[in-house]
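Per chain, numbering begins at 1; letters A, B, ... match sequence-line order. Remember, it's a predicted structure, so these values are computed and weren't measured experimentally. Note: hydrogens, waters and symmetry copies are ignored here, and every other heavy atom, side chains too, is used.
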Amino acid sequence: MLQKWKMFNPTTFRHSKNRYKTLLTAKLIALQSRFISNQIARNLFDEIPQNVNNRILKSYCRDKRYKEALSLFSRLFSSEKPDLYSIPAALKACAALKALDFGKAIHSFSKKDGQIGSNLFVGSALIDMYAKCGAMDESLRVFEEYSESDTVLWTTVITGFEQNGRSLEALAFFSRMAMAEGVVIDPVVLVSVVSACVQLLELKMGRSVHGYVIRMGLGSGLPLSNALLNLYGKTGLVNYAARLFEGMEEKDVISWGSMIACYAHHGGAEESLVLFDEMVARGIEANAVALISVLQTCEANCSLDEGKRIHELAARNGLDADVLVSTALIAMYMGCSAPDEAAEVFKRTPEKDAVCFSAMLRGCVENERACESIGVLRVMLGSGFWPDAFDAVKILASCSELGVLQQTRCFHGFAIKCGLGGDSFVSASLVECYAKCGSLDGAASIFGCVKDRDVVMWSSMLAAYGIHGKGREALALFDEMVKNSGVRPNEVSFVSLLSACSHAGLVREGIEMFDLMVNGYKLAPNSKHYGIVVDLLGRVGEVEKAMGFVNGMADCGDPSVWGALLGSCRVHRNEKIAEIAGRKLVELDGCDADAGYYVLLSNVYAVDEKWGEVARVRGLVEEKKMKKVSGRSVVEVGDEVCSFVANDRHCQESNHICDLVRILHGMMKEEFSCSFPDRCVALESVTIDPL
DNA sequence: GAAACTTCTT
């Protein structure tokens, strides 16, 4: 390559004979223009006839150097008029860059010239440009100007509709095309038609297209086969997809990727991984899309080791810095309970987008890293990305976990400014969050403001009363819910209600509500319900009854139920049942064993001074290297936000939170103070002086 | 010398 560059000297080139003749020279100019000075490049271009410039333009587009293509086109435009051949190329660049204004300028220019204006190549390029810039109305207008449209023009419009998410219109347009006389249906238009069917999950239509393809012998094209593969993959017809895939004579990375994704999304984790390995073994280099699909498999299957292997492979292919791949890696590590690895990937991702931030933020919350999640939010806001409703719910879960009222207030204000105030999930989370941060008034005020309360909203408020020990209020609210709102309670509503009864010591009412749930609403109780009822019975010393209750459970595999029973045994010194519950807990000990239960069991023995047993149980804790999760406190003194910190890491985490409050504060004052004065006045009074 | 199409991210 270097040799070629040396051979090309711009000065001598200008005087050489036949200098414009070969395609090679045009290519060289296109490539070389990166390295030679602007002045020399400009002089060269001024002397080059249009056909060579067109070749340069085309080669720019082929190499996806669209900006350079447009700047060359602009220069051409200033000195001479562009011709039939340069316009489609320039429009392609506009489409790729979504440079609508530039495209419009080219459009108005071509309208002035009769020959250009009626040219079908120009027409399709215009339709495509408008469609890719999201201006479908303009796109259609151009199409309607052509009285004799060919297959490509029709296809461009159909593709435009499909890519703008207007698949119904794409299909309607296709049926118009099929009816219109003399328009040839070719494999390319069918690709877009099948894609539209995929978007609409319109399996019937998709299959009839497949039938048509077979009848007409159009099935050899790779994009069409891939589109059909995707149709079966997305609609869950795994066997159809597999048969089609097997029968394909030619397969590219898209075919493999689609099949891997099909298995990944339809419970075929093993097949997905096997296929991925087979693809790699056949020398087909995994691209970002294939990697993402297989990483989703690892995530869904909690296959950390496989995930790490794929990560290494991605790194070898140089794709680990790709933001889509990084995001999939973060999600995979988070899903496999490996947040440190996820954080490492996050740190190394050079250009993070909103989705990447979201993946990290949500992953932190799901891995019980509340403080870190707030740190991520801080950086996210600093990078100009705003949380969506799902993120907001997660952030509020973190605020709940930390019990930080001031931050909740701040974030609440911010959520309103983000336009998330009306979101029912966010509102329900706010109710829970205010309640968990100690402000039942805050929770009730949110609840009061929501007009259309759904079951989540009602359940959240029931839970809020429960947290504050207001069992009677919860029962009254439940009464109002079933009598006046028309909203039917679900399993979660009963968890909240039962827990409210339990916290308030309303044993009889709790049992009654459990009965209402099972026999009245015919809802199947889960371990949470059983746990609460066992706890309720235990509170009034009905340990034997609780034991009978546990024995009646359909699935007796949840440690929390046995833990609740064990807790009652400790209070009421029932060593016999404690023994049974303790044994069961050790037996059920899964990956998320909590040392707390073992400590509880050892305490039962300690009360009766059975020191041998105490030592045995404590030995188990040592042996399994379990740690009891230590508690933390957050204290608010006056207007100051203080986290009660245990070590350096917590100190750092607290700073995250306080910084976030400061950032949110700044945003509110600068950008939104006019539109929401009341909220901002309230925030003015919050003094933030961390640690 | 020129135009349309396929897999994937929280």
Side-chain angles (χ1 to χ4, degrees), chain A residues 23 26 50-59 61 83-92 95 116 119-129 131-132 149-160 162-163 186-196 198 221-231 233-234 241 251-262 264-265 286-296 299 322-332 334-335 342 349 352-363 365-366 380 385 387-388 390-391 394:
Chain A
L23 183 61
Q50 196 147 37
N51 65 339
V52 177
N53 274 322
N54 288 347
R55 283 171 190 236
I56 300 170
L57 201 58
K58 202 178 143 190
S59 72
C61 286
D83 66 359
L84 274 179
Y85 302 103
S86 57
I87 286 177
L91 286 169
K92 188 173 193 161
I116 295 176
N119 181 279
L120 283 176
F121 291 87
V122 173
S124 67
L126 279 170
I127 295 167
D128 189 48
M129 181 276 297
K132 292 219 163 73
S149 315
D150 66 359
T151 304
V152 178
L153 283 204
W154 283 95
T155 307
T156 315
V157 175
I158 291 166
T159 307
E162 188 266 321
Q163 290 180 346
D186 72 356
V188 179
V189 71
L190 293 176
V191 171
S192 292
V193 172
V194 173
S195 301
V198 174
L222 195 51
L224 184 53
S225 300
N226 286 340
L228 286 165
L229 189 61
N230 187 36
L231 171 78
K234 286 278 160 59
K251 291 171 196 154
D252 63 1
V253 68
I254 297 180
S255 327
W256 288 88
S258 303
M259 199 59 225
I260 291 166
C262 170
H265 297 145
N287 64 3
V289 183
L291 285 167
I292 290 162
S293 297
V294 79
L295 285 169
Q296 286 176 330
E299 184 195 343
D322 179 303
V323 68
L324 266 70
V325 176
S326 307
T327 305
L329 282 167
I330 291 166
M332 181 275 293
M334 287 298 191
T349 307
K352 303 175 183 76
D353 62 5
V355 182
C356 183
F357 274 107
S358 283
M360 188 63 198
L361 195 152
R362 295 170 195 190
V365 180
E366 276 149 24
M380 183 177 176
F385 298 109
D388 64 9
F390 202 109
D391 296 331
K394 294 289 173 191

Is there a side-chain contact between [X] and [Y], using heavy atoms and a 4.5 Å cut-off?
X	Y	answer
Asn226(A)	Asp252(A)	yes
Lys394(A)	Glu366(A)	yes
Asp353(A)	Cys356(A)	yes

Specify the separation, in whole Å, of atom [atom1] of [X] and atom [atom2] of [N].
X	N	atom1	atom2	answer
Leu190(A)	dC5(B)	CG	C1'	10 Å
Tyr85(A)	dG1(B)	OH	C1'	7 Å
Ile254(A)	dC5(B)	CD1	P	12 Å
Leu224(A)	dT7(B)	CG	C1'	14 Å
Asp186(A)	dT6(B)	CG	C1'	14 Å
Phe357(A)	dT10(B)	CZ	C1'	13 Å
Leu228(A)	dT7(B)	CG	C1'	13 Å
Ile87(A)	dA3(B)	CD1	P	14 Å

Can you tell which of [options] lies closest to the side chain of [X]?
X	options	value
Asp150(A)	dT9(B), dA4(B), dA3(B)	dA3(B)
Asn287(A)	dT7(B), dA4(B), dG1(B)	dT7(B)
Asn119(A)	dC5(B), dA2(B), dC8(B)	dA2(B)
Val289(A)	dC5(B), dC8(B), dT10(B)	dC8(B)
Ala331(A)	dT7(B), dT10(B), dT9(B)	dT10(B)
Asn226(A)	dC8(B), dA2(B), dT6(B)	dT6(B)
Leu84(A)	dA2(B), dT10(B), dT6(B)	dA2(B)
Ile292(A)	dC8(B), dA2(B), dT7(B)	dC8(B)
Thr151(A)	dT6(B), dA4(B), dA2(B)	dA4(B)
Asp128(A)	dC5(B), dA2(B), dT9(B)	dC5(B)

Task: Donor/acceptor link under 3.5 angstrom from Asn54(A) side chain onto base of dA2(B) - done: no

- [ ] Could you tell me whether the side chain of Ser124(A) has a donor or acceptor atom within less than 3.5 Å of a complementary atom in the base of dA3(B)?
- [x] yes

- [ ] Identify the heavy atoms of Asp322(A) and Ala288(A) that sit nearest to each other, and give their distance.
- [x] OD2-CB, 3.9 Å

TODO: Determine, step by step, whether Thr156(A) and Asp128(A) satisfy the side-chain hydrogen bond (donor to acceptor under 3.5 Å, both in side chains) criterion, reporting the C-alpha distance in whole Å, the side-chain angles of both residues, the deciding distance to 0.1 Å, and the verdict.
DONE: CA-CA 6 Å; Thr156(A) 315; Asp128(A) 189 48; 5.8 Å; no

Indicate, with a heavy-atom threshold strictly under 4.0 Å, whether [X] touches base, sugar-phosphate, or nothing.
X	result
Ser358(A)	base
Leu120(A)	base
Glu299(A)	nothing

- [ ] Keeping the roles fixed (side chain from Asp186(A), backbone from Val189(A)), state whether a donor-acceptor pair exists under 3.5 Å.
- [x] yes

Open item on the list: Determine whether the aromatic ring of Phe121(A) stacks with the base of dA2(B), defined as ring centroids separated by less than 5.5 Å and ring planes inclined by less than 30°.
Closed with: yes

- [ ] Any chance you could measure Ser326(A), atom OG, to Leu295(A), atom CG, to the nearest 0.5 Å?
- [x] 10.0 Å

Does [X] make a side-chain N or O approach to OP1 or OP2 of [N] shorter than 4.0 Å?
X	N	value
Lys132(A)	dC5(B)	yes
Lys92(A)	dA4(B)	yes
Gln296(A)	dT10(B)	yes

